[in-house]
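Here's the structure, in structure tokens; my notes come after.
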Amino acid sequence: MSQKNQFQSIKGFYDILPEATPLWFKLEDIARKVLSQYGYNNIRMPLVEPTELFVRSVGEHTDIVEKEMYAWEDQLNGDKLVLRPEGTAGCVRAVIEQNLTYNGSQRLWYIGPMFRHENVQKGRQRQFHQVGCEAFGFDGPDVDAEQIVLLARLWRELGITDVELQINSIGDADERAIYRQTLIAYFEQHADCLDDEAKRRLHANPLRILDTKNPRMQAMCEAAPKLMDCLGEASKAHFEKLCQLLTDAGVAYVVNHRLVRGLDYYNRTVFEWVTTKLGAQGTIAGGGRYDTLVEKLGGKSTPACGFAIGLERVFLLMQEYGVTANNAPDLYLVNVGELAEEKAFNIAETLRSEGLSVVLHAGGGSFKSQMKKADRSGARYAAILGEDEVASGEISLKPLLAQGEQQRCQLQQVVQKVKD
């Protein structure tokens, strides 16, 4: 196939290459470990869900539903389907469908790709990956705080510093309804400052105007009435207790009165972890409470709280901080000569059975060329099998990453020296 006829990946859908996957593994493994420390259990949902699930949960007038979803009609049966743009709605659907809260509360987490037709930028792709965390059946601010503290621990484990926690309370539905009218009236008084996007949102989703990135609107939005002033006693007490728990845990935070999040299902607590090191895509994790969503999607009234982490952005941040990882083998098994080649296969299997990672040289070649490949593999040792080693029943072990003399060893000695 000529170069001009070669296939290329779709814009916003990208390959994660072998040199990057060790750091991805490190990120994912540490996330799994931390989530397990807090008692969260893994759930795996389909990539494809009913379109209506996100219209009803995320919100009809959100960017996701209006212009970002990959949605289509199934040609076989006419079902309206979508590639999941986020994980919470699918997780709630699974909890309801599988009756997971029948015996009480649930702490769940998931990992995988999400899909949104957005403008592609650094840290923002159309297929992107998230770790999501959802807790069902807890109505107090202690679980809100737990999830925030969990994330603070995750950043420490990943070697990430200088990230800021922003929190806010957006109250309950009746409180937001009162605030919504106050906000619309305020924005109507400043209609000359609104851009086209804000005018479109004015009566459909006015809270999202507060989250604008338009520099011309910043001062006007900063001076807007604050939702906190419309909160009732219960919502205020919930937020005050959350703040106290975070203070007691030593987690610093900033109250951002303009933080509303982009999805309609949130109530009370909302939060984001942000960084200044990734340009415009500064939010690396965000979440909050969604106490009415389970009932809205057909389940019993169940309080809930969750968050999602943007893994591409966290990966970039780890690189920014110089965090490294590799999956280099313990041994590169060099074999020269027909008899050595025959024996090397079984020797490699024996070493793997002892818990070592072993790359067996394949395809022949001179001793010199094989040693060059051993060096390039990143292996800690070259295990050399030639005619002399075959005759003596030994293996020559040569350190590659540290100073040391090449030694002749019995097979079990090789295992012990590499493990030491």
Side-chain angles (χ1 to χ4, degrees), residues 7-16 43-98 108-121 123-134 196-209 211 213 260-266 280-281 283 285-288 290 292-299 304 306-313:
F7 289 107
Q8 293 186 327
S9 61
I10 301 166
K11 183 178 181 181
F13 294 70
Y14 68 107
D15 304 305
I16 300 176
I43 183 171
R44 303 188 180 194
M45 300 93 66
L47 299 184
V48 177
E49 296 276 9
T51 301
E52 184 63 21
L53 174 65
F54 296 97
V55 175
R56 287 172 56 187
S57 60
V58 173
E60 188 174 358
H61 297 292
T62 59
D63 285 349
I64 291 176
V65 170
E66 287 185 335
K67 57 187 179 182
E68 293 175 358
M69 290 200 307
Y70 284 92
W72 72 97
E73 184 176 300
D74 191 327
Q75 294 181 358
L76 297 178
N77 57 18
D79 289 346
K80 296 185 183 301
L81 304 175
V82 64
L83 289 173
R84 62 184 188 189
E86 58 96 46
T88 297
C91 190
V92 171
R93 189 267 312 146
V95 166
I96 296 169
E97 183 177 351
Q98 307 301 333
L108 303 172
W109 73 272
Y110 49 86
I111 184 171
M114 310 292 166
F115 305 87
R116 297 183 194 175
H117 196 283
E118 297 186 288
N119 293 327
V120 177
Q121 300 177 29
R124 183 164 73 179
Q125 300 289 335
R126 291 173 178 175
Q127 176 178 306
F128 57 100
H129 299 79
Q130 289 185 340
V131 164
C133 175
E134 318 288 354
D196 291 341
E197 184 72 7
K199 290 175 181 177
R200 186 180 66 82
R201 284 175 166 162
L202 180 57
H203 294 280
N205 199 348
L207 271 70
R208 287 302 314 281
I209 299 175
D211 199 30
K213 301 298 187 290
V260 296
R261 302 290 293 150
L263 310 179
D264 282 0
Y265 51 63
Y266 286 115
Q281 307 308 315
T283 301
Y290 50 94
T292 62
L293 183 57
V294 177
E295 186 174 16
K296 186 176 181 180
L297 294 181
F307 65 78
I309 306 167
L311 293 185
E312 277 80 2
R313 298 179 189 180

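Around CG of Asp196, the count of heavy atoms belonging to other residues, nucleotides or ligands within 6.0 Å does not exceed 12.
Looking at residues two or more places apart in sequence or on another chain, you find no side-chain hydrogen bond (donor to acceptor under 3.5 Å, both in side chains) involving Glu52. Legend: residues meeting side-chain hydrogen bond (donor to acceptor under 3.5 Å, both in side chains) with Glu312, ordered by chain and number and at least two apart, are Tyr14, His129. Applying the side-chain hydrogen bond (donor to acceptor under 3.5 Å, both in side chains) rule to Glu73 yields the partners Lys80; only residues at least two apart in sequence or on another chain are considered.
Using a 4.5 Å cut-off on side-chain heavy atoms (C-beta onward), Val48 and Arg84 make no contact. Between Tyr266 and Thr88 there is no side-chain heavy-atom pair separated by less than 4.5 Å. Side chains of Met45 and Cys91 form a contact here, defined as non-hydrogen atoms less than 4.5 Å apart. Looking only at side-chain heavy atoms (C-beta outward), Arg124 and Arg313 come within less than 4.5 Å of each other. Here the side chains of Ile96 and Leu297 are in contact, with some heavy-atom distance below 4.5 Å. With a 4.5 Å cut-off on side-chain heavy atoms, Arg93 and Pro46 count as touching. A heavy-atom distance below 4.5 Å is found between the side chains of Trp72 and Leu83.
When all heavy atoms of Arg116 and Pro85 are compared, the closest pair comes out as NE-O, 2.8 Å. The shortest non-hydrogen separation linking Ala71 to Thr51 is CB-OG1, 4.1 Å. Closest non-hydrogen pair, Ala89 versus Phe54, comes out as CB-CE2, 3.7 Å. Closest heavy-atom contact between Ala308 and Gln130: CB-OE1, 3.6 Å. Phe13 and Gln125 make their closest contact through N-OE1, 4.5 Å (heavy atoms, listed as atom of the first residue, atom of the second, distance). Between Leu47 and Pro113, the closest heavy-atom pair is CD2-CG, 3.8 Å.
Ring geometry for His117 versus Tyr70: interplanar angle of 30 to 60°, hence tilted.
Remark: Ile209 CD1 to Glu197 CD distance equals 9.0 Å, nearest 0.5 Å. Note that CZ of Phe115 and CD of Glu86 are 13.5 Å apart. Values are rounded to the nearest 0.5 Å. Separation of atoms CZ (Phe307) and CD (Glu134) is listed at 8.5 Å; rounding is to 0.5 Å. Between the CD atom in Glu118 and the CD atom in Glu68 there is a gap of 4.0 Å [rounded to 0.5 Å].
A donor-acceptor pair under 3.5 Å is absent between the side-chain atoms of Asp79 and the main chain of Leu81, judged by distance alone. Under a 3.5 Å cut-off, the side chain of Arg126 and the backbone N or O of Val120 do not form any donor-acceptor pair.
When each of Leu293, Thr292, Val92 is checked for a side-chain contact (heavy atoms from CB on, under 4.5 Å) with Tyr265, only Leu293 meets the rule.
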